[in-house]
Amino acid sequence: MSNVAAEIASIRAEIEETRKLIAGLVALVKALASEGAVSVAAEAAPSAVAEETKEEEDDLDLFGSDDDEVDEEKEKLTQQRLAEYAAKKAKKPGPIAKSSVILDIKPWDDETDLEEMEKLVRSIEQDGLVWGGGKLIPLAYGIKKLQIICVIEDLKVSVDELIEKITEDFADHVQSVDIAAFNKI
């Protein structure tokens, strides 16, 4: 219990110190205001502002309306503008979801012509598919794999279908295709 009491005493001391600092700042602001360096609005002490807000809390109208009746013209105009905005928003196409895919294309053996394999892979043309850079990476026993980048539009191109197309259409050159990286753009 003594630790809790010590913490409470420490917190109370900090609160008292903060009150003294605020009182000093209020005095400084008043002194500057009397010299004309600060506007009259800045003179109000935080405690006076707090008291005013407590007194006026019940009378506070956040929306600034004096009467409870709804202005029909304003409501009609608001509804019209909301409808126009919704129509405009509906016409606007959403963002196009794209992905960057790095494919590892492995040949059957070390005698496979990798340049021809790359040309065959790049010959695949499809709406929403853009081929990027490619490089040959050593795999094992003198065999190299083709690592190639492509950017696809997610709604137009399926990666699984692309891989299937590469492995089936170029079965003489391609043993397998793996996804090395798949990142949304």
Side-chain angles (χ1 to χ4, degrees), residues 18 22 25-26 29 32-33 36-106 115-137 145-171 173-174 176-185:
T18 305
I22 291 173
L25 287 174
V26 168
V29 168
L32 289 173
V38 178
S39 69
V40 176
E43 288 183 33
S47 60
V49 172
E51 288 176 22
E52 274 186 36
T53 55
K54 285 180 185 177
E55 292 172 4
E56 296 177 0
E57 190 172 314
D58 294 332
D59 298 333
L60 183 63
D61 186 9
L62 295 176
F63 300 106
S65 61
D66 292 333
D67 53 292
D68 294 333
E69 295 180 19
V70 177
D71 190 5
E72 291 181 21
E73 288 182 32
K74 283 185 180 179
E75 185 68 28
K76 188 175 181 180
L77 182 62
T78 303
Q79 292 300 327
Q80 179 185 358
R81 287 184 180 166
L82 284 173
E84 289 172 2
Y85 176 74
K88 184 179 177 183
K89 186 98 171 159
K91 291 179 187 176
K92 194 179 214 181
I96 299 172
K98 292 185 179 182
S99 299
S100 173
V101 183
I102 300 176
L103 298 174
D104 282 342
I105 303 173
K106 297 173 188 153
E115 290 177 10
E116 183 180 348
M117 184 173 75
E118 183 175 357
K119 286 179 187 176
L120 291 172
V121 170
R122 288 182 185 273
S123 70
I124 297 173
E125 292 183 5
Q126 193 174 349
D127 188 33
L129 172 67
V130 178
W131 292 105
K135 62 181 177 179
L136 300 176
I137 298 176
K145 67 179 177 181
L146 171 65
Q147 192 172 66
I148 191 164
I149 299 172
C150 64
V151 176
I152 61 168
E153 289 183 27
D154 294 343
L155 295 177
K156 295 181 180 179
V157 180
S158 167
V159 177
D160 293 333
E161 290 176 7
L162 181 63
I163 290 172
E164 188 176 310
K165 186 172 179 92
I166 292 171
T167 53
E168 288 179 3
D169 291 356
F170 313 122
H173 293 85
V174 177
S176 65
V177 178
D178 295 320
I179 300 172
F182 189 101
N183 297 311
K184 294 285 185 186
I185 298 177

task = Under the side-chain contact (heavy atoms from CB on, under 4.5 Å) rule, collect the residues that match up with E164, sequence neighbours excluded.
result = E168
request  = I would like to know whether I102 and I179 meet side-chain contact (heavy atoms from CB on, under 4.5 Å); could you show each step before the answer?
outcome  = CA-CA 6 Å; I102 300 176; I179 300 172; over 6 Å; no
query = Can you tell me how far CG of L129 sits from NZ of K165, rounded to the nearest 0.5 angstrom?
reply = 10.5 Å
ask   = For Q80, which residues count as a side chain to side chain donor-acceptor pair (under 3.5 Å) partner, sequence neighbours excluded?
value = E84
Without placing hydrogens or testing angles, list every side-chain donor-acceptor pair under 3.5 Å for residues 148-159, not counting sequence neighbours.
unit_1	atom_1	unit_2	atom_2	d
E153	OE1	K156	NZ	3.4
D154	OD1	S99	OG	2.7
D154	OD2	S99	OG	3.2
D154	OD2	K184	NZ	2.7
K156	NZ	D127	OD2	3.2
S158	OG	D160	N	3.4
S158	OG	E161	N	3.4

ask   = If you measure from NZ on K106 to OG1 on T167, what distance do you get to the nearest 0.5 Å?
value = 13.0 Å
task = List in chain and number order the residues that pass side-chain contact (heavy atoms from CB on, under 4.5 Å) with I166, two or more places apart in sequence or in another chain; answer none if no residue qualifies.
result = L103, I105, V121, I124, W131, L162, F170, V174, V177
key: Set of side chain to side chain donor-acceptor pair (under 3.5 Å) partners for K119, sequence neighbours left out   = none
task = Can you sort out the partners of D104 under side-chain contact (heavy atoms from CB on, under 4.5 Å), two or more places apart, ordered by chain and number?
result = K145, Q147, D178, A180
ask   = If only atom types and distance count, is the side chain of R122 paired as donor or acceptor with the main-chain N or O of M117 below 3.5 Å?
value = no
query = Got a salt bridge between K76 and E72, using NZ or NE/NH1/NH2 to carboxylate O under 4.0 Å?
reply = no
